[in-house]
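See structure below.
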Amino acid sequence: MGFWEVISWIALGLVAGGIAKWIRPGKQGGGWLTTLLLGIVGAVVGGWIFSLFGGSSATGFNFRSLIVAVVGALVVLWIWGLVTKKKS
């Protein structure tokens, strides 16, 4: 994995995490680092989900990879909300 691929994943993670937080607003907390991690984990989760349905892996910083990462980040946000939900 080259330097520019790492930079590409970081940029994709930051953008995907930001879009996911924008689509599903709430009290997720965290700053840009949390958003970055959300996007990177979302990209991995999205890629895994996409492969379950027979899709090929998305690579690089392109529209398809961004969609996969955002969908994965939304799934991660949803699961995080279930785990951290306070019971009244």
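What you see below is based on every heavy atom in this structure, not just the backbone, and it leaves out hydrogens, waters and symmetry mates.
Residues satisfying the side chain to side chain contact (heavy atoms under 4.5 Å, CB included) test with Val45, not counting sequence neighbours, are Val41, Ile49, Val75, Val76.
Ile23 and Val15 end up in the same hydrophobic cluster when Ile, Leu, Val, Met, Phe, Trp and Tyr side chains are linked at under 4.5 Å. Grouping the Ile, Leu, Val, Met, Phe, Trp and Tyr side chains by contacts below 4.5 angstrom, directly or via other members, places Leu77 with Trp48. Both Leu66 and Leu74 sit in one connected hydrophobic cluster of ILVMFWY residues. Membership requires side-chain heavy atoms under 4.5 Å apart, directly or through other members. Linking Ile, Leu, Val, Met, Phe, Trp and Tyr whenever their side-chain heavy atoms come within less than 4.5 Å puts Val70 and Trp22 in one cluster. Linking Ile, Leu, Val, Met, Phe, Trp and Tyr whenever their side-chain heavy atoms come within less than 4.5 Å puts Trp78 and Val83 in one cluster.
Nearest heavy-atom pair, Ala69 versus Ala16, reported as atom, atom and distance to 0.1 Å: CB-CB, 3.5 Å. The two residues Ala20 and Ala73 make their nearest non-hydrogen contact at CB-CB, 3.5 Å.
Taking CZ from Phe3 and OG from Ser8, the interatomic distance works out to 11.5 Å, rounded to the nearest 0.5 Å. Note: Ile40 CD1 to Leu12 CG = 8.5 Å, rounded to the nearest 0.5 Å. Here the straight-line distance linking atom CD1 of Ile19 with atom CG of Leu38 works out to 11.5 Å at 0.5 Å rounding.
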